[in-house]
Amino acid sequence: MIVSRISRFISDYQNLVALFAGACILISLFGILSLPLAYEENQIYPKAIDRTSALDPYDRGGTPFNTTTVVAQYPENSPYLGYVTAYLTPLSKYLADHTLHAGTTIVSHPGGIIDEILYNTRGLDTVVETSILLSAFAIASYLFRRTE
Amino acid sequence: MAMKRKTVEYGLTASALIIVIAWIALTTGAIPLWAAEAVFVVAFPALVLTLGLWWRAGGGEEDFPFIGY
Amino acid sequence: MIEYLVCAAAFGLLLLGIHRKVIARIQMRPGPPVWQEILHALKFSFKSTWVPRTASATLFVGIVLVAIAIWSAALFVVLAGESILILIGIYMLHKIVEHGFGLSSGSPYGKFGGVRSVISAASEIPLFVTITAIYFFTGSLLLRDIVAYQAVHGPLLLIVPPAAIAMYLVILSKLPFGPFSIVESKEIVSGYKTEHFGVWRAALAVTDGLKTFVLLYAFVLIFLGALPFWLILALMTAVLVSLSFVCAITPVLSPYDSVTVQSIITGLMLAYIGYLWWVVP
Amino acid sequence: MLSIGGQDLFVLEFGDILHYFSPYTLTLFLLAVLFTGLAIISRPEEQIEIAFGGDAYYAKETTLPEMRFRRFMAIACGLASIGAMVSGDLFNYTLFTSMVGITNVGIVAAVKNRHVLNAAYAYGIVAMIATLPLFGSAALIVATTGTLSIPALAAGGQAVPLVGKALLVLGVVGEGMAPFYAAKAEMFRAPGAPYVIMCSLSSLLIFLRVVEIVTTI
């Protein structure tokens with residue numbers, strides 16, 4: 001019976017990767033066939049990278065400790081939109097106000113190198129991204145430290 | 001695990017009371033339909049279980065269970 | 001509202017009793033009386049009850065409460081004419097309840113039932129395909145909108161018969177003794193129900209009653225529309241008897257074959273959706 | 001704004017990321033919360049194994065460190081599915097979904113059983129591959145429509161490409177559903193019912209949610 005042959009094939013988890021890869025190929029082919037797709041010029045969070053800037057990959061324009069123009073989906077939900085400093089902790093804010101040791105949020109802040117424009121509007125994404133990393137590390141370290 | 005008759009009685013009374021109160025509140029129009037439904041969804045399972053347990057729950061002075069043939 | 005719950009559970013159990021009776025008669029056995037399932041529920045609720053020592057006690061008891069709660073909620077969703085997406089969600093989550101029942105006791109039979117319900121979960125996607133087919137025509141998934149649509153355009157059974165067949169098969173897979181009832185088939189004793197005895201089993205019977213009622217009621221509402229209540233009950237019984245015929249004359253498929261057959265049906269339904277998408281502007 | 005899962009009850013705002021609660025997402029949300037709670041408060045069962053061909057049987061005990069780790073992973077998985085249930089942002093949803101995939105592997109990773117670990121490995125590979133279509137779909141949709149917000153996409157005006165939707169479904173299927181059939185059945189051999197249940201619960205929930213999303217946008 002063809003049915004039982006199919007079931008025998010898909011019941012083996014060793015074939016799982018092959019099956020899924022096959023599905024990926026099919027849908028990618030469909031995607032290639034449906035090209036070209038139009039690019040929407042009116043994007044949220046537009047980027048203009050200034051290669052000459054000292055802050056090169058992280059420079060998003062605007063003046064530090066001041067507003068930057070950001071196109072957000074719901075500007076009314078982000079009253080501090082464009083104010084990168086708004087997300088500094090009180091201590092960092094104090095440092096930034098009185099010294100030059102805390103710059104922008106790019107690398108001086110827990111949370112690491114995070115696109116600071118997104119930081120203002122998409123805070124939850126940042127949290128989830130780091131949580132994914134945390135759980136991956138937790139699994140790896142548990143397995144590594146496990147005693148037989 | 002021993003079932004305490006008192007615990008079961010409390011559970012039964014509580015769930016029955018909640019359902020009756022929600023019912024009265026619904027018919028008098030004190031709470032909207034969805035609120036009453038939410039209460040029923042929570043309290044009805046408890047009522048079913050505690051009712052069944054209550055019928056058989058021991059009072060503390062039972063006979064020895066019959067364990068051998 | 002509470003009276004609806006009690007009546008629905010009792011009527012659902014009665015339907016299951018009829019199901020057993022019809023199967024028995026087709027197989028030339030006398031069969032139990034039709035109210036046997038109601039008696040079962042009462043009988044189990046009088047039995048003495050405890051929690052097995054190996055079980056995960058909280059889950060063992062908690063899952064029983066969850067089982068009744070989700071199907072009570074499903075009944076209210078159907079009565080209120082809310083989105084059938086919620087109904088389908090609850091239906092899929094019944095799988096989780098089956099896992100919970102099966103795995104929480106530590107019994108190997110329960111575990112096999114739970115594992116089988118994991119296997120079959122992926123095959124219940126025909127439900128979503130059914131939904132998409134309906135959405136093509138009604139443009140809404142709220143039950144009241146679907147019923148209103150049918151008041152104007154006639155029953156959906158005639159408009160999208162393949163969707164009706166798909167949902168029929170899905171209900172079939174939830175009924176005991178059917179070709180797809182691998183989760184509680186008899187070679188693993190009672191599958192996920194094995195270790196829930198006494199009051200737990202009685203509560204499980206209440207769940208089964210509610211589940212049967214909700215699924216058949218929703219089927220009639222979705223595909224035949226608003227009818228007088230007595231007629232709906234009669235139609236539900238008729239649908240159930242037809243299902244019993246199917247159950248009586250088909251063997252239980254082996255677990256993986258059951259899933260493959262259901263997946264093939266899903267594939268056919270997807271092709272049908274593609275066809276609809278092509279034809280309907 | 002949406003009619004598919006019922007009228008919106010309320011919307012929770014995190015900057016550009018909205019969380020909307022319709023009757024449908026609320027139901028799924030409550031179930032995720034409920035089962036996460038069960039995973040927190042219940043202790044694992046002692047699974048009974050029967051030695052084949054004889055009368056011998058023995059109970060598997062779950063050790064305390066193993067139980068702690070698996071409970072941690074189950075809670076993380078529960079939180080991820082809670083987030084995925086109500087998120088109104090496409091990218092945020094894909095992030096939560098990939099977190100579900102990783103924690104699913106984590107839940108069974110601590111089990112000392114060769115079959116379980118092999119299955120978890122196969123599952124992990126699929127989950128890893130699946131992030132490509134998953135994030136790819138979000139990227140495709142933001143490039144062609146200029147927005148990621150599900151309410152904004154549902155309001156119409158932008159044509160979401162069909163391939164974007166297909167990739168999204170494929171990604172979710174890879175993260176949760178595809179391994180359901182074979183790999184998860186093996187993974188369910190692991191003892192520790194409250195945690196193992198989170199595996200299948202989260203997969204079902206993200207799948208139920210993606211159906212709503214692709215029908216809406």
Side-chain angles (χ1 to χ4, degrees), chain B, chain C residues 1-10 40-58 60-82 86 90 97 196-210:
Chain B
M1 223 160 89
M3 301 287 169
K4 298 248 175 15
R5 191 177 178 87
K6 270 273 173 269
T7 328
V8 173
E9 257 168 20
Y10 287 144
L12 181 62
T13 332
S15 52
L17 264 183
I18 289 172
I19 285 180
V20 169
I21 290 171
W23 201 358
I24 292 170
L26 178 69
T27 44
T28 54
I31 52 172
L33 182 64
W34 65 265
E37 285 176 348
V39 171
F40 288 146
V41 165
V42 174
F44 180 64
L47 180 76
V48 171
L49 277 196
T50 46
L51 189 65
L53 292 172
W54 177 72
W55 277 330
R56 282 292 305 189
E61 287 294 318
E62 307 87 4
D63 228 347
F64 289 108
F66 179 72
I67 48 167
Y69 283 95
Chain C
M1 296 311 283
I2 195 79
E3 69 274 19
Y4 291 168
L5 279 177
V6 175
C7 293
H40 263 341
L42 289 175
K43 179 192 80 178
F44 279 123
S45 79
F46 282 112
K47 298 233 167 205
S48 69
T49 304
W50 64 92
V51 177
R53 195 181 63 79
T54 53
S56 159
T58 320
F60 189 84
V61 179
I63 203 75
V64 181
L65 296 171
V66 173
I68 306 179
I70 59 170
W71 285 104
S72 313
L75 180 70
F76 288 141
V77 166
V78 174
L79 289 180
E82 277 297 328
I86 303 179
I90 287 173
V97 169
H196 279 73
F197 53 91
V199 174
W200 319 129
R201 186 59 173 267
L204 198 52
V206 172
T207 311
D208 278 346
L210 277 175

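In what follows, every chain begins at residue 1, and chains take the letters A, B, ... in the order their sequences are listed. Keep in mind that the numbers below use all heavy atoms, side chains included, and drop hydrogens, waters and symmetry copies.
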* To do: Sort and list the pairs that fulfil salt bridge (Lys or Arg N to Asp or Glu O under 4.0 Å) and have at least one residue in residues 201-210 of chain C, not counting sequence neighbours.
  =>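 For residues 201-210 of chain C, and leaving out neighbouring residues, the salt bridge (Lys or Arg N to Asp or Glu O under 4.0 Å) pairs sorted by first residue read C:Lys193-C:Asp208, C:Asp208-C:Lys211.
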* Asked: For chain B, which residues from residues 69-77 of chain C have at least one heavy atom closer than 4.5 Å to it?
  ->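 Against chain B, the residues of residues 69-77 of chain C that fall inside the cut-off (heavy atoms, under 4.5 Å) are C:Ala69, C:Ser72, C:Ala73, C:Phe76.
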* C:Ala203 portion near chain B, given a 4.5 angstrom heavy-atom threshold ->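 Contact with chain B involves both backbone and side-chain atoms of C:Ala203.
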* **chain C contact via B:Leu51 - side chain, backbone, both or neither, heavy atoms under 4.5 Å** =>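 Interface part for B:Leu51: neither.
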* Structure fact -> So, the part of B:Leu49 with a heavy atom under 4.5 Å from chain C: the answer is both
* To do: Applying side-chain contact (heavy atoms from CB on, under 4.5 Å), run through C:Tyr4 and B:Glu37 and close with a yes or a no.
  => CA-CA 11 Å; C:Tyr4 291 168; B:Glu37 285 176 348; over 6 Å; no
* To do: Could you tell me which non-hydrogen atom of C:Val199 sits nearest to which non-hydrogen atom of B:Leu53, and how far apart they are?
  =>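 Result for this residue pair: CG2-N, 3.8 Å.
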* Applying side-chain contact (heavy atoms from CB on, under 4.5 Å) between B:Pro45 and each of C:Val64, C:Ile68, C:Thr207, C:Val66, report the one that passes. =>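 By the side-chain contact (heavy atoms from CB on, under 4.5 Å) criterion, B:Pro45 pairs with just one of C:Val64, C:Ile68, C:Thr207, C:Val66: C:Ile68.
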